[in-house]
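Note sheet for the following structure.
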Amino acid sequence: MAVKIKLKRLGKIRSPHYRIVVADSRTRRDGRAIEEIGLYHPVQNPSRIEVNSERAQYWLSVGAQPTEPVLAILKLTGDWQAHKGLPAPAPLLQPEPKADKRALFEALSADSDEAKGEAITPKAKKSDKKADEAADAAESTESTEA
């Protein structure tokens with residue numbers, strides 16, 4: 001019996017999360033598993049990866065083959081390197097928290113000496129528009145007569 005370490009998909013349509021499971025290679029993706037050895041939540045920032053290292057090492061030692069996505073996860077956690085006898089990877093870095101966009105905008109707008117809330121071009125009055133339309137109409141009638 002060929003045993004695989006693969007991802008079992010759970011969650012809603014656009015918010016997937018996975019369990020890392022050991023299962024027979026002939027079972028379907030979300031089918032019955034022999035054992036669950038970890039979690040993977042890719043939507044969270046940073047993504048949540050939890051692997052029971054002891055159980056992963058056991059299953060790799062008895063010949064279980066990881067799928068490509070699971071192999072990438074095991075390389076991130078260092079379990080694959082421990083199994084192969086390679087040096088451990090660098091620890092995962094946590095991303096820096098993003099700056100508040102509203103505070104950044106207010107800081108930039110406070111620095112500028114320009115007038116606040118005023119239009120760049122002056123607004124045309126309705127009476128000016130009517131006069132312009134009348135002048136255009138007069139010009140068009142003159143050009144058709146000539």
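These values consider heavy atoms only, across backbone and side chains, with no hydrogens, waters or symmetry-generated copies.
- For the atom pair T77 OG1 and E50 CD, the distance stands at 11.5 Å (nearest 0.5 Å).
- Remark: H41 pairs with H17, L39, Q44, R48 by the side-chain contact (heavy atoms from CB on, under 4.5 Å) rule, at least two apart or across chains.
- The heavy-atom pair separating K6 from A23 by the smallest distance is CE-CB, 3.8 Å.
- Closest approach of G78 and P89 over heavy atoms only: CA-CD, 3.7 Å.
- In this structure, V21 and I5 have side chains that are not in contact, with every pair of non-hydrogen atoms separated by 4.5 Å or more.
- No side-chain heavy atom of L10 sits under 4.5 Å from any side-chain heavy atom of Y18.
- The structure places CD1 of I73 at 13.5 Å from CH2 of W80, a figure rounded to the nearest 0.5 Å.
- Residue Q57 forms a side-chain contact (heavy atoms from CB on, under 4.5 Å) with just one option from V51, N52, D79, and that option is D79.
- Closest approach of P66 to V70, counting heavy atoms only: CB-CG1, 4.0 Å.
- If you take NZ on K4 and OG1 on T27, they are separated by 11.0 Å, rounding to the nearest 0.5 Å.
- Here the closest non-hydrogen pair linking A56 and L74 is CB-CD2, 4.4 Å.
- Annotation: salt bridge (Lys or Arg N to Asp or Glu O under 4.0 Å) contacts involving residues 61-70, sequence neighbours excluded, are absent.
- Taking NE2 of H83 as the reference point, atom NZ of K75 lies at 12.0 Å (rounded to 0.5 Å).
- Note: D30 CG to R19 CZ = 10.5 Å, rounded to the nearest 0.5 Å.
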Using the rule given for side-chain contact (heavy atoms from CB on, under 4.5 Å), can you reason through K8 versus R29, listing the C-alpha separation, both sets of side-chain angles and the distance that settles it, and then say yes or no?
CA-CA 6 Å; K8 179 178 182 178; R29 178 189 69 179; 6.0 Å; no
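- The hydrophobic clustering, which links ILVMFWY residues whose side-chain heavy atoms are closer than 4.5 Å, places I20 and Y58 together.
- P69 is linked by a side-chain contact (heavy atoms from CB on, under 4.5 Å) to L7, T67, counting only residues two or more places apart in sequence or in another chain.
- Contact record, V43 with S15: CG2-CA, 4.2 Å, taken as the closest heavy-atom pair.
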